[in-house]
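Bear in mind that the values here come from a model prediction, so they are computed numbers and not experimental data.
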Amino acid sequence: MRLPLPQFVTGDRHPNHIAEVIETTTTEFLAQCLEPEDLSFPPMPPFGSWVCSVDEESGNQVYALVYYATTMPIDSVHRARALGLSLQDLREEQPQIFAMLKTEFRAAIVGFEQPSGSISYNNRVYQYLPPRPPQIHQAVYRCEPEAIVKFTEELDFLRTLLFVNGAPVDSLTAAAIREVYQLRKADRQWLIKAGRTLSVLLKDDYDRLRFILSQIHP
């Protein structure tokens, strides 16, 4: 039987609060999605989407990009098997299945925002790894569009992203740029700046540069 994670009543939870950190390292974290109240799967964040969490000790808000997501049984011994039923049929005939599954995702850290010491100054954004990642059981949020636009004013995060280990970084870089471009309401000047930054970073690897640019569709 599934033991539910301690979590807020859904009505009291921020709408962007989607997950909780269950494993953390200097460069990335693993998060488990919070369960919905209805009989449905937790919403899986899209590949290349922006999420954030807070290191409570420092107050830093840590930004990361989702690069891997999975839904699997909580019981690691028994695998899910095909039942030949629609989701509606599952809700009616096998509702317990939804309580036996979990959705997790990994996110690569690309920078952080440091709280200012005074209300008269804006928080400072840094596009490199923070001193500490978010800790176990910290809330993970879907980033607000305004926060993503602010974070991506500069493009140094692309260098951090291109050196992430264990992730499909070329496709991840393209996905991140596509999303930011849409959030910036098709700001072509920003897209050109991103392309030029990539060309500098990958000046010795034309094939890789071409592969990334081929996945960006303005």
For [Y], does its backbone N or O pair with a side-chain atom of [X] as donor and acceptor, under 3.5 Å?
{"X": "W50", "Y": "E179", "value": "no"}
{"X": "T160", "Y": "Q127", "value": "yes"}
{"X": "S49", "Y": "P45", "value": "no"}

Checklist entry - Hey, are K102 and E35 close enough for a salt bridge, meaning a charged N less than 4.0 Å from a carboxylate O? => result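 E35 and K102: not salt-bridged.
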Evaluate the side-chain proximity of [Y] to [X]: yes if any heavy-atom separation is below 4.5 Å, no if none is.
{"X": "T25", "Y": "P133", "result": "no"}
{"X": "Y63", "Y": "E113", "result": "yes"}
{"X": "L30", "Y": "V21", "result": "no"}
{"X": "I74", "Y": "L101", "result": "no"}
{"X": "C52", "Y": "V140", "result": "no"}
{"X": "F157", "Y": "L155", "result": "yes"}
{"X": "D205", "Y": "F211", "result": "no"}
{"X": "R208", "Y": "T173", "result": "no"}

Heavy-atom closest contact ([X] atom, [Y] atom, distance):
{"X": "A69", "Y": "M44", "answer": "CB-CG, 3.4 Å"}
{"X": "A176", "Y": "L65", "answer": "CB-CD1, 3.8 Å"}
{"X": "A19", "Y": "F105", "answer": "CB-CE2, 3.6 Å"}
{"X": "A167", "Y": "Y67", "answer": "CB-CD1, 3.4 Å"}
{"X": "A108", "Y": "E28", "answer": "CA-CB, 4.1 Å"}
{"X": "C143", "Y": "I148", "answer": "CB-CG1, 3.6 Å"}

Are [X] and [Y] joined in one hydrophobic group, where the rule is that I, L, V, M, F, W and Y side chains link up if heavy atoms are under 4.5 Å apart?
{"X": "V66", "Y": "I212", "result": "no"}
{"X": "V54", "Y": "F29", "result": "no"}
{"X": "I177", "Y": "L161", "result": "yes"}
{"X": "L129", "Y": "V169", "result": "no"}
{"X": "V51", "Y": "F151", "result": "no"}

If I take atom [atom1] from residue [X] and atom [atom2] from residue [Y], how far apart are they, to the nearest 0.5 angstrom?
{"X": "D170", "Y": "L202", "atom1": "CG", "atom2": "CG", "value": "7.5 Å"}
{"X": "I22", "Y": "Q32", "atom1": "CD1", "atom2": "CD", "value": "5.0 Å"}
{"X": "T70", "Y": "E104", "atom1": "OG1", "atom2": "CD", "value": "7.5 Å"}
{"X": "L172", "Y": "Y68", "atom1": "CG", "atom2": "OH", "value": "15.0 Å"}
{"X": "L201", "Y": "K203", "atom1": "CG", "atom2": "NZ", "value": "8.0 Å"}
{"X": "L198", "Y": "R210", "atom1": "CG", "atom2": "CZ", "value": "15.0 Å"}

Checklist entry - How far apart are the C-alpha atoms of V200 and T197, what are their side-chain angles, what is the distance that settles it, and do they pass the side-chain contact (heavy atoms from CB on, under 4.5 Å) test? => result CA-CA 5 Å; V200 171; T197 300; 5.9 Å; no
Would you say [X] has more than 12 foreign heavy atoms packed within less than 6.0 Å of its [atom1]?
{"X": "D207", "atom1": "CG", "answer": "yes"}
{"X": "Q215", "atom1": "CD", "answer": "yes"}
{"X": "R159", "atom1": "CZ", "answer": "no"}
{"X": "Q135", "atom1": "CD", "answer": "yes"}

Next on the checklist: Under the criterion side-chain hydrogen bond (donor to acceptor under 3.5 Å, both in side chains), I'd like the reasoning laid out for S58 against D55: C-alpha separation, chi angles, the key distance, then a yes or no.
Outcome noted: CA-CA 6 Å; S58 64; D55 169 29; 2.7 Å; yes
Next on the checklist: What verdict does the side-chain contact (heavy atoms from CB on, under 4.5 Å) test give for I18 and L34, after you've listed the backbone C-alpha separation in whole Å, the side-chain angles of each residue and the deciding distance to 0.1 Å?
Outcome noted: CA-CA 6 Å; I18 59 171; L34 302 179; over 6 Å; no
Next on the checklist: side-chain contact (heavy atoms from CB on, under 4.5 Å) for Y141 and S53? Distances and angles first, verdict last.
Outcome noted: CA-CA 6 Å; Y141 297 88; S53 186; 5.9 Å; no
Next on the checklist: Using the rule side-chain contact (heavy atoms from CB on, under 4.5 Å), only one of T26, V62, V164, T24 pairs with I109; which is it?
Outcome noted: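 For I109, the side-chain contact (heavy atoms from CB on, under 4.5 Å) check succeeds only for V62.
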Checklist entry - For E144, which residues count as a salt bridge (Lys or Arg N to Asp or Glu O under 4.0 Å) partner, sequence neighbours excluded? => result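 For E144 there are no salt bridge (Lys or Arg N to Asp or Glu O under 4.0 Å) partners, ignoring immediate neighbours.
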Item to check | salt bridge (charged side-chain N to carboxylate O under 4.0 Å, His left out) between E153 and R184, intermediate numbers included | outcome: CA-CA 10 Å; E153 286 292 341; R184 288 177 169 272; 3.5 Å; yes
Next on the checklist: As a quick check of understanding, evaluate side-chain contact (heavy atoms from CB on, under 4.5 Å) for Q138 and E56, giving each step before the final call.
Outcome noted: CA-CA 8 Å; Q138 295 301 294; E56 288 193 354; 3.0 Å; yes
Checklist entry - Listed by chain and number, what are the ring-ring contact (aromatic ring centres under 6.0 Å, His included) partners of Y128, not counting sequence neighbours? => result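 With neighbours one apart ignored, the set is F112, Y126.
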Item to check | Test salt bridge (charged side-chain N to carboxylate O under 4.0 Å, His left out) applied to R132 and E57, step by step | outcome: CA-CA 9 Å; R132 284 163 41 109; E57 183 171 300; 3.6 Å; yes
